[in-house]
There are 2 protein chains.
Amino acid sequence: MTRPPTSRDLARLAGVSQATVSRVLTNNPKVNPETRARVLQVLKDANYTPNALARAMKTGRTDTIGVFMTRVTSPFHAELLDEIGRVLSSVGLHMILWNIEHDPEETIADVLHQRLVDGFLLTSATYDSKLHTMALASGTPTVLLHRGIDGLDCDQVVGDNWQGAYDAGRYLVEAGHTDIGLVTLTHTGNTSRDRDLGFRAALTDAGVKIKPSNVVSVGVPHADGHAAARKLLSKRKPPTAIYTVTDLLAFGILDGARAIGANVPDDVWLIGYDNTELAAWESFDLTSVEQPVHAIVQTGIDLLRKRIAEPDRPTEIISLPCPLVIRGSTANTPWASAPRRTS
Amino acid sequence: MTRPPTSRDLARLAGVSQATVSRVLTNNPKVNPETRARVLQVLKDANYTPNALARAMKTGRTDTIGVFMTRVTSPFHAELLDEIGRVLSSVGLHMILWNIEHDPEETIADVLHQRLVDGFLLTSATYDSKLHTMALASGTPTVLLHRGIDGLDCDQVVGDNWQGAYDAGRYLVEAGHTDIGLVTLTHTGNTSRDRDLGFRAALTDAGVKIKPSNVVSVGVPHADGHAAARKLLSKRKPPTAIYTVTDLLAFGILDGARAIGANVPDDVWLIGYDNTELAAWESFDLTSVEQPVHAIVQTGIDLLRKRIAEPDRPTEIISLPCPLVIRGSTANTPWASAPRRTS
DNA sequence: GTATACAATGAATACGTATACACAGTGCTG
DNA sequence: CAGCACTGTGTATACGTATTCATTGTATAC
C-alpha cells in the first residue's frame, strides 16, 4: 500500500465517473440503486475511506471541534474532558485539544483563523484572557462550558454556582454552625466568584456573620490548601466548618488538616465543590456540591451544533442546578445539632 | 469578516502573483528581499493565516498527531495526556484525541485511513485489541507509549516495568517483610504482567515465597481495590506489606484498609506504581515506583517525528528506568527491621 | 556584441473531493 | 409524433495552497 486509493481510482474500477462515486458517498438520492450497490461493493472491497482533508476543503466542514482546556491533571477537568470526548464521539465529531497553559498565544491565534475546526469549546474562560474575545472575533461558532463570562454575547452553559454555594451555606447553618471558614481562589472568573458570593448570601440570610480572619484566598488549589488549613485550624478558636470552592482545594485542606492532626469531621466539617469522582473515595469521603458534568457537556455541545447549523440564532446562556451531595466530611457529629462554639 | 482572505487576495493587494505569496510563506529563498518584505507587511496587515486544510492537502502533512487513550479520569493517564500536550505543542504539532473506550471501532478504522494525522501515539495498547495492528497496517507512523506489545515491529517507549517491580520487591524484602500481598490487574498487557513478574522475581531471588492466598487479581483499579484490601487484611494472618501494580489500585486498597480500620503503614505497608501526583498528597503519602512520564513522552514523540521524516528507519524499542520513590506508606515502623510475623 | 548563466517572478497545474451544469435516455401528454 | 418533465450519469470546475515550468530581465564571459 503506497498511496490510499482515491474516489477516481475506484470510479474507474466500478466503471463509473468520479462524480457518481462521490454521489454514492454523500447519499445523494439521484443515483440508480443498482449503480449504488455496485459502487458500494467496490468501495468496500478496496477498504476505501474518503480523504477527510479534501472533503473538508470542499464542504467547509471538518467535523472537528476545538477544545481549549487547562491542565487535565485536575480531576474535575479530567472528568469534563472525558465527558466532552464521549459526547462528541456520540455525534460523530472529532476533537482537537489545546491546553491554554502550554500553547503559546500565537499558536492559539493562528488556530482560530485556520478554519481547522467547525467550532470551539472553551472550558476555562477567564476575564483576564483574550481567548473568548479572539474566538468570537474569528467568527467560528463558540460555546463557553463550565466557566462563563458575564455579559458576553456568546453561548454559555455553566453550573448554577451561586445556587450551589448558597445550598452549601444553608446546609452548614441549618446544622448549627456559626463559626465558618471560607477558602476561595484568587482566580478571576465568575465561577469562583459566584461560589463565594452564594455562600456568603446563605450565611447573611441566616444572620450568620463570617469573620474576616476565617476567609482565605489561595492560588494553587491543592498545594495552597495545606497552608489555608493550617492557618484556619491553628487559630485559638478555629472554625467548626470550612467550605471551599473546589474539591481539589478541599483535598488540599484535608491533607493540611491531617498533617496537623485535625480530624474531619470531628474537629471540623469540610465541603468542596464539583463532586469529583475522588470525593467519593473513602480517603476523602467529601461532602461536595455536584457539577452536573454530563448535562453541562451535552447541553453545550447541542448548543454548539445548533450554532454551527444556524450561526445567527440568538445567544443562549444556560445555568444548570448543582445539588449538594452529603458525605462523611460533614457527618452527624455531636456538635452538629449543638455546635461546639456555643458550649 | 465574511470569508477569510486567501493568499490570492493578498497577492493582488501586494501586486504580486499568488505563487510569490506562497513562496514567502514557505520561506523559499528564491524571492527578492524587498518583495518579501512588502508581502509580509500585507500579510500582517490583513492578519492572514494560511488555510491549514489546503496546505495539508498539498503537502500531505497535517502537523497533527492522533492520540489514542483510555479514560483520562485515571490520574496517571491524565498526567500522560498533559505531558503529551505539552511536548507536542513545544514542537508545533496539534493533537487529535480519541478515546478507545468511547469511540466505536468503525470510527477508529476510518480515522486510520483518512490521513487526517501525520502519526499516531497509542498509549493503551493491549494484546486483545486490534488497534495497533490496524494502525501499522494503515501505514501511518505509529509509536506505542507506556504500554508496549512484545515482539511487535513498531516503535515503543515504555517504563522498565520489570525492573521497577523488582526494585519494589527487593525493597520490601530488605526491610524484612516475608509475608507479602500482591494485587494485580486482570488486564492483558505486558505492563501489568511485567509489574507482576519483576516483583515475584525479586522475592524469589531473596528466597521469599509468596502465598497463593496473598495474590489477588482485580478488574477495576480503584473500585476493586476495596475488596482486595478487605480480602487480604481480614485473613487470620494478614500480609505485612502489599505491593500493587498501579497507584489507582493502591488508593483503592488504602481506602479499603481504612474502611476496615487497618492502618498504613502501622498494620501494613503499601506500594503503588506510577508515582502519580496524588501519591504525594498527605492523604495517601504513597510509596510508589515512578514512571518517568516526561522522558517517556519526550522520547516517544522524538521517535515519532523521526519516523515521520524517515519511514523506513529501523524500529526502536526503548525502555526507561523506573526509580522507587519512598514515602510514608512504607514508613520505618518497628517491625520493619524485625517483621511482625517472626514474633 | 552575442551567448550563457542566473535571479526573480508569473502562469499553470495538482492535491481529492463535491457539485453545478450539460446531456442522453425514458415515459408521458397533447 | 412532437414536446416536455424527469432520471441518471458524465464533464468540468472550484476549494486554497505548493510547486513545476516557462518567461523575463540582468549580469557575466567569450
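Letters A, B, ... mirror the listed sequences (proteins, then strands); counts begin at 1. Just so it is clear, the model here is predicted, and its values are computed rather than measured.
- Taking 3.5 Å as the limit, the base of D/dG8 and the side chain of A/Arg36 contain no donor-acceptor pair of atoms between them.
- Heavy atoms from other residues, nucleotides or ligands lying under 6.0 Å from CZ of A/Arg61 number 12 at most.
- Between B/Leu25 atom CG and D/dA18 atom C1' there is a gap of 10 Å when expressed in whole angstrom units.
- Listed pair A/Tyr48 / C/dT17 meets the phosphate criterion, a side-chain N or O lying under 4.0 Å from OP1 or OP2.
- Note on B/Arg23: every side-chain N or O is 4.0 Å or more away from OP1 and OP2 of D/dT19.
- Candidate nucleotides C/dT17, D/dG10, D/dT17 were compared by shortest atom distance to the side chain of A/Ser17, and D/dG10 ranks first.
- Atom-to-atom, CG of A/Leu116 to P of D/dC15 comes out at 20 Å; the value is rounded to the nearest Å.
- Taking 4.0 angstrom as the limit, A/Ser7 places none of its side-chain polar atoms (N or O) nearer than this to OP1 or OP2 of C/dA18.
- Across D/dA18, D/dT11, C/dT17, the shortest atom-to-atom separation from the side chain of A/Ala19 is found for D/dT11.
- Of the nucleotides present, C/dG1 is the one that pairs with D/dC30 by Watson-Crick or G-U wobble criteria, both distances under 3.5 Å.
- Between B/Asp312 and B/Arg307 no salt bridge is recorded (no basic side-chain N to carboxylate O distance below 4.0 Å).
- For the pair B/Ala54 and B/Asn28, both in contact range of DNA chain D, the more 5′-proximal nearest nucleotide belongs to B/Ala54.
- Among the heavy atoms of the strands lying under 4.0 Å from B/Ser22 is at least one base atom, whether or not backbone atoms are also near.
- Regarding A/Met57, its CE atom lies at a distance of 7 Å from the C1' atom of D/dT17, rounded to whole Å.
- Comparing atom distances between the A/Arg3 side chain and each of D/dA18, C/dG16, D/dG16 picks out C/dG16 as nearest.
- When rounded to the nearest whole Å, the span between CD of B/Gln114 and P of C/dG16 equals 14 Å.
- Toward the 5′ end of DNA chain C lies the nearest nucleotide of B/Val31, the other residue of the pair A/Val21 and B/Val31 mapping further downstream.
- In this structure, B/Thr6 reaches the sugar-phosphate backbone alone: every heavy-atom distance under 4.0 Å involves primed, P, OP1 or OP2 atoms, never a base.
- Both A/Arg8 and A/Lys30 lie close to DNA chain D; mapped to their nearest nucleotides by heavy-atom distance, the more 5′-ward contact belongs to A/Lys30.
- Among the nucleotides D/dA14, C/dA14, D/dG10, the one closest to the side chain of B/Lys58 is C/dA14.
- Whole-Å rounding puts the B/Asn51 CG to C/dC15 C1' distance at 13 Å.
- Of the charged side-chain nitrogens involved, none lies within less than 4.0 Å of a carboxylate oxygen, so that B/Asp302 and B/Lys306 do not count as a salt-bridged pair.
- A donor and an acceptor atom never sit less than 3.5 Å apart when one is taken from the side chain of B/Arg115 and the other from the base of C/dG16.
- Minimum atom distance to the side chain of A/Gln18 is reached by C/dA18, of the listed C/dA18, C/dA8, C/dC21.
- Nucleotide C/dC6 holds its P atom 18 Å from the CG atom of B/Asn32, rounded to whole Å.
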Test salt bridge (charged side-chain N to carboxylate O under 4.0 Å, His left out) applied to B/Arg71 and A/Glu277, step by step:
CA-CA 13 Å; B/Arg71 303 194 69 201; A/Glu277 290 177 12; 3.4 Å; yes

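- Side chain of B/Glu79 to main chain of B/Thr276: no donor-acceptor pair is present (N/O by atom type, distance under 3.5 Å, no hydrogens or angles).
- Between the P atom of C/dA8 and the CZ atom of B/Arg38 lies a distance of 14 Å, rounded to the nearest Å.
- With rounding to whole Å, B/Asn27 atom CG is found 13 Å from D/dA18 atom C1'.
- Judged by distance alone, with hydrogens and angles left aside, the side-chain atoms of B/Thr20 form no donor-acceptor pair with the main-chain N or O of B/Val16 at under 3.5 Å.
- At the phosphate of C/dG10, OP1 or OP2 sits under 4.0 Å from a side-chain N or O atom of B/Thr20.
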